[in-house]
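Below is one structure, written out as structure tokens; the observations come after it.
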Amino acid sequence: MLDAYLIRNELAKVAKALASRGYSLDQARLQDLEIKRKSLQAVTQTLQAERNSKSKNIGKAKAQGEDIQPLLDEVANMGDQLKAAETELSQLKDELNNILMDVPNLPHESVPAGLTEEYNQEVRRWGEPRQFDFTIKDHVDLGEQLGQLDFETAAKITGSRFVVMNGGLARMHRALIQFMLDLHTSEHGYTETYVPYIVNADSLRGTSQLPKFEEDLFKLHAEQEYYLIPTAEVPVTNIVRDTIIENKAMPRKFVCHTPCFRSEAGSYGRDTRGMIRQHQFEKVEMVQVVKAEDSYQALEDLTNHAEEILKRLELPFRTMALCAGDMGFSASKTYDLEVWLPSQNTYREISSCSNFEAFQARRMQARWRNPETGKPELVHTVNGSGLAVGRTLVAIMENYQNKDGTITVPEVLHHYMGGVLKIDLK
RNA sequence: GGAGAGAUGGCCGAGCGGCUGAAGGCGCUCCCCUGCUAAGGGAGUAUGGAGUUUGUAGCUCCAUCGAGGGUUCGAAUCCCUCUCUCUCCGCCA
């Protein structure tokens with residue numbers, strides 16, 4: 001959510017910034033509602049003040065044994081008047097709030113201009129795509145021929161966009177999670193965290209999956225309004241919701257492995273083959289809760305932390321600065337990491353690292369106490385995948401494949417694979 | 001799943017219809033005093049919002065005692081719904 005101060009006082013500027021990411025803000029309507037809100041709030045508060053002071057007088061008069069009937073007559077119809085004003089005001093505030101909850105974040109000044117992905121800018125590239133001297137297979141063929149990826153059985157058990165893994169691939173999938181968590185905790189300073197995989201609507205509003213993106217979520221048919229998490233970002237970031245963090249506890253850096261559940265509504269034709277786009281996948285997520293002045297450095301650091309995983313796995317990748325129009329709803333700035341997929345002869349997204357500035361913090365009322373002023377200030381939140389595990393597995397399978405259909409295990413995973421060097425038929 | 005108890009400020013804890021944004025204690029900050037230490041005295045110590053203002057300073061006002069409704073001139077206090085916590089029984093990885 002944007003700062004209400006900006007909406008009130010710099011509406012034109014805000015509208016212009018939003019237009020750069022393809023969002024058209026209804027300025028006239030907002031301004032109109034805001035003027036109404038202002039006068040109605042003033043009226044309501046005046047009535048409340050009057051009611052409060054008169055009620056106090058009644059209390060005093062009664063304590064002194066005076067006749068309070070004249071005073072009661074005086075306030076006789078105040079109640080209705082006040083109630084009407086309060087009701088109208090709260091409706092107006094709801095309306096304003098609903099609009100504001102739907103407005104995306106403002107892009108940072110360093111974000112490339114442009115509305116579509118062609119305007120994303122490559123910031124760096126690492127590694128050389130391997131030259132194969134045989135006809136390569138994609139991960140689906142490799143996995144099925146190894147008998148270790150099984151989409152048919154998954155479709156029987158559940159439906160499309162799920163997978164059953166077994167044997168070496170299932171183990172490597174698990175090994176990747178361990179490797180990522182170990183690297184981020186031991187070398188990058190994150191605290192390993194375990195969280196619920198089912199969250200309530202407040203948490204989803206906090207990180208802004210709700211109200212706008214409900215169709216992307218799996219909602220449970222339970223008594224409570226519960227949802228499966230689409231990313232660890234939701235439960236982990238909401239750890240700091242409605243809290244004031246002491247200065248000495250800042251910054252907070254969490255790393256967390258969770259499954260992620262996405263309905264993928266509206267993506268029916270896309271990536272239907274294989275493990276690229278599933279309803280359920282594993283992800284290791286990094287979340288940093290930092291002071292405002294530190295958040296852009298934190299974004300660079302966190303992006304480097306994600307890149308480090310790819311480097312150690314020796315997977316070629318490039319880092320893209322997303323243009324204004326291609327960024328997610330709540331991001332001020334986003335870097336996507338794209339890993340090389342030989343079968344697609346292109347780079348595909350494997351991590352997305354974003355600075356949300358105070359956008360999520362404002363919704364969550366997540367603050368830290370500035371010792372210089374003694375006052376709470378909104379934190380900035382920064383997060384990114386480090387990495388999407390299923391896609392990492394896909395990248396390893398395709399980049400490390402051998403002519404005979406076996407897959408060489410990357411060196412950094414040997415330790416986690418109990419000395420298995422190659423994934424083959426047995 | 002059954003039975004009961006509870007939710008108040010950073011923490012503990014009073015209040016059970018009016019002068020309570022909230023006693024008292026602890027903690028914390030500042031000041032004073034004591035040769036040091038320990039102790040003592042004083043002042044301060046929630047959050048969000050609106051108005052005013054050049055101002056995120058000051059001042060005025062409003063809201064908030066788990067959440068949401070209701071009763072009342074007036075609710076932390078009474079009523080309803082929900083959430084969470086604790087105790088006992090049952091079940092259970």
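Treat the numbers as computed from the prediction; the structure is a model and nothing was measured. Quick note on labels: first sequence line is chain A, next is B, and so on, each numbered from 1.
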Is there any protein nitrogen or oxygen under 3.5 Å from a nitrogen or oxygen in nucleotides 59-65 of chain B, and what are the pairs?
unit_1	atom_1	unit_2	atom_2	d
B/rC62	OP1	A/N52	ND2	3.2
B/rC62	O3'	A/Q48	OE1	3.4
B/rC62	O2'	A/Q48	OE1	2.7
B/rA63	OP1	A/R51	NH2	3.0
B/rA63	OP2	A/N52	ND2	3.4

With a cut-off of 3.5 Å and sequence neighbours excluded, list every side-chain donor-acceptor pair involving residues 375-382 of chain A.
unit_1	atom_1	unit_2	atom_2	d
A/E377	OE2	A/N370	ND2	2.7
A/H380	ND1	A/S295	OG	2.8
A/T381	OG1	A/Q360	OE1	2.8

By side-chain contact (heavy atoms from CB on, under 4.5 Å) - contacts of A/I7 (at least two apart):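 By the side-chain contact (heavy atoms from CB on, under 4.5 Å) rule, A/I7 matches A/L2, A/L11, A/V14, A/L30, A/L100.
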Counterpart residues, side-chain contact (heavy atoms from CB on, under 4.5 Å), relative to A/L421 (two or more places apart):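 A/L421 satisfies side-chain contact (heavy atoms from CB on, under 4.5 Å) with A/H414 once adjacent residues are dropped.
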Tabulated below should be each protein N or O lying under 3.5 Å from an N or O of nucleotides 81-86 of chain B; please produce it.
none

Under 3.5 Å: donor-acceptor pair, side chain of A/H184, backbone of A/M286: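 The answer is no, because no donor-acceptor pair under 3.5 Å joins these two groups.
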5′-ward residue of the pair A/R37/A/I244 relative to RNA chain B: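 Its nearest nucleotide being more 5', the pick is A/I244.
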Contacts of A/R37 that satisfy salt bridge (Lys or Arg N to Asp or Glu O under 4.0 Å) - sequence neighbours left out: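 Checked A/R37 against salt bridge (Lys or Arg N to Asp or Glu O under 4.0 Å); matches are A/E34.
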Integer angstrom distance from the C1' of B/rG40 to that of B/rU47: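 Looking at atom C1' only, B/rG40 and B/rU47 are 34 Å apart.
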Extract from the structure each pairing of a protein N or O with an N or O of nucleotides 66-71 of chain B at less than 3.5 Å, listing the distance.
none

Minimum-distance nucleotide to A/Q365 side chain [options: B/rC19, B/rG74, B/rG48]: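 Closest of the options to the side chain of A/Q365: B/rG48.
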Options B/rC19, B/rU47, B/rG51, nucleotide nearest the side-chain atoms of A/K375: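 My answer, after comparing the listed nucleotides, is B/rU47.
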Secondary-structure stems for RNA chain B, with pairs counted as Watson-Crick or G-U when both distances are under 3.5 Å and runs at least 3 long: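 Output for stems: B:1-7 with B:83-89, B:10-12 with B:24-26, B:27-32 with B:40-45, B:46-52 with B:58-64, B:66-70 with B:78-82.
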Residues 252-261 of chain A, side-chain donor-acceptor partners within the protein, below 3.5 Å, at least two apart:
unit_1	atom_1	unit_2	atom_2	d
A/K253	NZ	A/H188	O	2.7
A/H257	NE2	A/E282	OE1	2.6

Distance test, side-chain N/O of A/K54 to OP1/OP2 of B/rG74, below 4.0 Å: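 So the side-chain polar atoms of A/K54 never come under 4.0 Å of the phosphate oxygens OP1 or OP2 of B/rG74.
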N or O in side chain of A/R367 less than 4.0 angstrom from B/rG48 OP1/OP2: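 For B/rG48, OP1 or OP2 has a side-chain N or O of A/R367 closer than 4.0 Å.
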Just distance, no hydrogens or angles: give the donor-acceptor pairs under 3.5 Å from side chains in residues 53-62 of chain A, sequence neighbours left out.
unit_1	atom_1	unit_2	atom_2	d
A/S53	OG	A/E50	O	3.2
A/K54	NZ	A/E50	OE2	3.3
A/K54	NZ	A/E74	OE2	3.4
A/S55	OG	A/R51	O	3.1
A/N57	ND2	A/S53	O	3.4

Using a 3.5 Å cut-off and no angle test, enumerate the donor-acceptor pairs between side-chain atoms of residues 212-219 of chain A and protein atoms at least two apart in sequence or in another chain.
unit_1	atom_1	unit_2	atom_2	d
A/K212	NZ	A/D102	O	2.9
A/E214	OE2	A/Y227	OH	2.7

Side-chain donor/acceptor contact of A/K62 with base of B/rG18 under 3.5 Å: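 Present.
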Pairwise salt bridge (charged side-chain N to carboxylate O under 4.0 Å, His left out) hits with a residue in residues 186-201 of chain A, at least two apart: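 As it turns out, the salt bridge (charged side-chain N to carboxylate O under 4.0 Å, His left out) pairs with a partner in residues 186-201 of chain A, which skip direct neighbours, are A/E187-A/R312.
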